[in-house]
Amino acid sequence: MNRSNSNTNVGTSTAGPELLLELDRGDGPLAARLQGALREAVRAGRLAPAERLPSTRTLARDLGLSRRLVVEAYGQLVAEGWLAARQGAGTSVAGPPREGSLLPAPEPGPALVGRLPYDFFPGSPDLASFPRALWLRTLREVLRSAPDEALHYPDVAGTPELRGALTAHLGRVRGVVTTPERVVVTSGARQGLTLLGRMLARRGVARIAIEWPTLPLHAEILEAAGHEVARVPVDGDGVLVERLEATGADAVLVTPAHQAPRGVALTPARRAALVAWAQAGERLIVEDDYDAEFRYDRRPLGAVQALAPEHVAYLGSASKTLAPGLRLGWLALPAALVAPLAREKGLDDGGCQTLDQLTLARLLDTAAYDRVLRAARRRNRARRDALVSALAAELPGTRLEGLAAGLHALARLPAPVDAARLVAGGRAAGVGVYPIPDRRGQSDQLVLGYACLSEPAIAEGVRRLAEVIAALR
Ligand SMILES: Cc1ncc(COP(=O)(O)O)c(C=O)c1O
């Protein structure tokens, strides 16, 4: 082992395969630096796909680290998909995780949505149920009553009307603890995350942890803002909070109400541990509460934000409750982050469109929004039940996860199929299907959005899907 200085460990393995690793000079935890060095070696091609790694004992000795650190690092990178571990064959390189491979088609776009008659696109509400008449009536009222001044350049953080209405609504429905001054209106949750990413980068945050799997677009947004993204696995209780410390991240992006895409809720014990992690290191939790309004047969779970308002940036959106095309979202922020975030928003687009903000504010204030939500909840529950029945009838042996809430469920097929052929076969049959492929392109996990299809369409779509799957086997 060579040790060139006290901050840098350079090791060349002396037994088994050769591996030159340089732990960066940052002063983050050793575990994070080791994991970063391994990722970098794979990314840079110094470790080629299928190449075998030194044993944990050898690498630990060569780097002068404890074996536990190396075991943990290998385990983390296996979970992230960089490495593969096979019983008796040691650990080898799987290659950089293919971006976007876990949830396909993060960008629905007009080319996809609505084109196929049986499109199980995850996360779209029923666009045909958008309350057009209500929106139009309310917009008319807004136009009639708003002073000319309302058409000036807007407050970049949002109109006072909408920030006030959101404060009351989020407090009542999600238990969010905030004030109008801490709310910033954004162009969807996506812009909220983009602005947070930029703001955190300016403040010196370099590494952000995310759940894995998650919406690949969110990893992309954070990487585009200059962050290194550390992937933390998810199990049936939500994200593995105990793995956060070792990532060395200063912030984490989570979906506690309905994990995207697995659909599980973060348990109360993990919520407490998450908050403790944030408080211990002055870190930030970014809580994406994207479809939390839809809960069917589970006890209400409030937002994590309520447990530590000064450590959580809460992200919400009208995309699932009204329509993604509105591009309306919001942030509830710790006091210290409001001004820097509003600055990013001002630099980006100078604020959201005023008339839509005023319209949404009025719907919230008059409880019309609550009525829209209640109707959507009833409709979605019936559609979810239709999906459960159709799968039981057409694809017996399929297990469903994440049914208690949200707009999509995760179907686990009894046996894997080729993901690309499934998507192609589905398209030919008029079915939009979104498998989560493994490294070999096989998939036994389908993310099925059910909110945007009628009950008969769900039954027919699943029947066709079963035919496509049968033909592939
Ligand atoms: C995990 C997740 N968060 C948030 C959103 C909402 O994003 P936006 O408000 O930008 O439409 C989505 C939309 O698909 C999503 O899948």
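Quick caveat, the model's predicted, so the values are computed rather than measured. As the structure lists them, so they are numbered: ligands from 1, and atoms in each ligand from 1.
Proximity to Ala260 (heavy-atom distance under 4.0 Å) selects the following atoms of ligand 1: 1 (C). Of all atoms in ligand 1, listed by their number and element, those nearer than 4.0 Å to a heavy atom of Asp288 are 1 (C), 2 (C), 3 (N), 4 (C). Below 4.0 Å from some heavy atom of Ser319 lie the following atoms of ligand 1, by number and element: 8 (P), 9 (O), 11 (O).
Checking only distances, Gly188 never comes within under 3.5 Å of ligand 1, N or O to N or O. At least one N or O atom of Ser317 sits closer than 3.5 Å to an N or O atom of ligand 1. In terms of polar-atom proximity, defined here as any N/O pair under 3.5 Å, Arg327 does make such a contact with ligand 1. Considering backbone and side-chain atoms together, Lys320 places an N or O closer than 3.5 Å to an N or O of ligand 1.
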* Just do the side chain to side chain contact (heavy atoms under 4.5 Å, CB included) check on Leu151 and Leu355 with the steps written out, would you? => CA-CA 8 Å; Leu151 299 172; Leu355 296 176; 4.0 Å; yes
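Side chains of Tyr314 and Thr178: a donor-acceptor N/O pair is absent below 3.5 angstrom, by distance only.
Comment: Arg203 does not engage Asp250 in a salt bridge, judged by the lack of any side-chain N to carboxylate O separation of less than 4.0 angstrom.
Not a single heavy atom of Gln191 sits less than 4.0 Å from an atom of ligand 1. Residue Ala189 places a heavy atom less than 4.0 Å from ligand 1.
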